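First comes the structure, then the notes that go with it.
Here the structure is a predicted model, which is why all the values come from computation and not from measurement. Side chains are part of it too, since the values below use all heavy atoms of this structure and drop only hydrogens, waters and symmetry mates.
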Amino acid sequence: MEEEHGKTHLSPEYTVIEEWSGTASSELTKTATITITRDSVQKSATRFNYFSRRFLDAFVPEGFPSSVTPDYVPFQIWDSLQGLSTYVRTMLSTQALLSAIGVGENSATVIGATFQWFLRDLTGMLGGILFTFYQGSNLDSNAKMWRLVADLMNDIGMLMDLVSPLFPSAFLFIVCLGSISRSFTGVASGATRAALTQHFALQDNAADISAKEGSQETVATMLGMALGMFLAHITLGHSLAIWFCFLSLTVFHIYANYKAVRCLSLTTLNCERSSILLLHFMETGQVFTPKQVSFMEHVLPLWMSSWSTNRVKFLYQRVCLGIRISLFDHREMLDLSHLAGSYYKTEKYTLLEREGIISIIIHKDSTAADVLQAFMHALLMAELVDKDRSVHLESQSWMANYYEVFVMKLQSSGWKTERLSSPAVVWKANWSSRSSDQKLD
């Protein structure tokens, strides 16, 4: 007991101080415990937990797992496995390619091999530019599909390299086709990776996620190169063994990629997800969660899944967003004039229906929210056309009564309703209606 200025203080028998490490309050790790008594100070450090956490920080974002979405871990696991198989197969295909251009043969010339390699790279660069020109704006809105397609194109490119030695007369043509195929992979994979990184980032940590993904890929690369060199060594001169290993790894690569994109539960509204959500809401008054929709949307191009009977697949294909009005004929222009001055007088868009196809004309002063509303309205019209209903009047009534409720339920289920994830709307229009007794200035 101690006395100071007339007050009495009781000294504690001992004090315990704990040391914690981590950036997120929910993911702190205790690294040391310090017990202080009158006569001694005892430290009990958990070095293993500290060093294991520091090691893990080199491969996962800070604050993991609370700093990323729940689908980050399963996607990265399958993505690392498919990357591992890719690097193993790369060693096998590269070995075949180098053999085909004459490496190790006395008859081969350096200039000949260099020229062939140059043409291979040149065609790949040109292919990448053309692919970006035709599909660049579509990669963000269909990230899952293009992620899978990119790796399938990479499989085709490596297959071309492995096949090239079998056809010496067409060697250059085959390797150039393979290079073009891989160039599509580079563009699509890079673009979709950026979109997925933004999806994973919950704490504005996209740069950190991208950096840690690079570390994970580096480890997968090193393991793949080691396994690839081992396989290349033991299968050297055994064509059947090379083909068996390559095809087996390719099948696994396709499966791992499919599982990876199926793990993703994207929360942005693209054309297909909007169709799924709107039709379900019209039928039940409820909306699916992002995880539920992830199992329903397709991850392959429609022409590769034509066997499907899902009507959602065809509904959004009947909607054309951002139509160029100068291409309309006389009748379509008259209909557009009537609709813009009546049903859509207060909207920042106009919808025009022709033979089941809904064309969306976007006003030049429209916002991202207007574009989303216009697309949902067009989907509704496309559904009503099939039922022989008064599409404009009935769709306007539904939008006035239910659209705001629909958007609120989307937001409460975790969907991002700020914009429609679609190719940029290039063509817009401006219109104004005047009565017949008004005079033009």
So with a 6.0 Å cut-off around [atom1] of [X], is the heavy-atom count from everything else above 12?
X: Asn430; atom1: CG; result: yes
X: Leu327; atom1: CG; result: yes
X: Gln292; atom1: CD; result: yes
X: Met225; atom1: CE; result: no
X: Lys259; atom1: NZ; result: no

Minimum heavy-atom separation for [X] to [Y], with atom names?
X: Ser85; Y: Phe252; value: CB-CD2, 4.0 Å
X: Ala429; Y: Ile361; value: CB-CG2, 3.7 Å
X: Tyr349; Y: Ile362; value: CB-CD1, 4.2 Å
X: Cys245; Y: Leu92; value: CB-CD1, 4.2 Å
X: Pro61; Y: Ile209; value: CG-CG1, 3.6 Å
X: Leu202; Y: Ser66; value: CD1-O, 3.8 Å

So does [Y] get a backbone contact from the side chain of [X], meaning a donor-acceptor N/O pair under 3.5 Å?
X: Asn205; Y: Ala201; result: no
X: Thr250; Y: Phe246; result: yes
X: Arg324; Y: Trp427; result: no
X: Ser397; Y: Glu394; result: no
X: Gln396; Y: Leu393; result: no
X: Ser67; Y: Glu62; result: yes
X: Glu272; Y: His298; result: yes
X: Thr185; Y: Asp151; result: no
X: Ser183; Y: Gly128; result: yes
X: Thr221; Y: Glu217; result: yes

Are side-chain N/O atoms of [X] and [Y] paired as donor and acceptor at under 3.5 Å?
X: Ser164; Y: Asp161; answer: no
X: Ser210; Y: Arg193; answer: no
X: Asp71; Y: His199; answer: yes
X: Gln82; Y: Tyr258; answer: no

Specify whether Tyr402 and Phe281 have parallel, tilted or perpendicular ring planes, treating 30° as the upper limit for parallel and 60° as the lower limit for perpendicular.
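It falls in the perpendicular class, over 60°.
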
Hey, can you tell me if Tyr344 and His377 have their rings parallel, tilted or perpendicular (30° and 60° cut-offs)?
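Tilted, since the angle between the ring planes falls between 30° and 60°.
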
Got a second to check how far [X]'s [atom1] is from [Y]'s [atom2], nearest 0.5 Å?
X: Phe64; Y: Gln203; atom1: CZ; atom2: CD; result: 12.5 Å
X: Ser395; Y: Leu351; atom1: OG; atom2: CG; result: 7.0 Å
X: Gln76; Y: Cys263; atom1: CD; atom2: SG; result: 10.5 Å
X: Leu278; Y: Ile276; atom1: CG; atom2: CD1; result: 11.5 Å
X: Ile357; Y: Met381; atom1: CD1; atom2: CE; result: 11.5 Å
X: Ile242; Y: Leu231; atom1: CD1; atom2: CG; result: 10.0 Å

Step by step, work out the ring-ring contact (aromatic ring centres under 6.0 Å, His included) result for Phe406 and Trp415.
CA-CA 11 Å; Phe406 176 52; Trp415 292 99; 9.9 Å; no

Applying side chain to side chain contact (heavy atoms under 4.5 Å, CB included), run through Ser294 and Lys144 and close with a yes or a no.
CA-CA 10 Å; Ser294 69; Lys144 293 174 70 171; 3.8 Å; yes

Please tell me if the side chains of [X] and [Y] come closer than 4.5 Å, counting only heavy atoms from C-beta onward.
X: Ile323; Y: Glu332; value: no
X: Leu321; Y: Val371; value: yes
X: Cys271; Y: Val319; value: no
X: Asp79; Y: Glu213; value: yes
X: Leu380; Y: Tyr403; value: no
X: Trp243; Y: Leu162; value: yes
X: Glu297; Y: Met145; value: no
X: Trp78; Y: Arg262; value: no

Take Arg273 and Thr268 through the test side chain to side chain donor-acceptor pair (under 3.5 Å) and record every step on the way to the result.
CA-CA 8 Å; Arg273 289 191 282 271; Thr268 54; 3.2 Å; yes

The side chain to side chain contact (heavy atoms under 4.5 Å, CB included) partner of Ile254 among Leu152, Leu148, Leu249 is Leu152

Candidate pair Lys428 and Ser366, rule side chain to side chain contact (heavy atoms under 4.5 Å, CB included), full reasoning
CA-CA 9 Å; Lys428 298 184 178 183; Ser366 62; 4.1 Å; yes

Note: Asp155-Arg89 ion pair, threshold 4.0 Å (strictly below):
yes

Checking side chain to side chain contact (heavy atoms under 4.5 Å, CB included) for the pair Leu266/Leu196: CA distance, chi angles, key distance, verdict?
CA-CA 8 Å; Leu266 302 184; Leu196 296 181; 4.0 Å; yes

Does Ser422 form a side chain to side chain contact (heavy atoms under 4.5 Å, CB included) with Phe375? I'd like the steps, not just the answer.
CA-CA 10 Å; Ser422 66; Phe375 189 80; over 6 Å; no

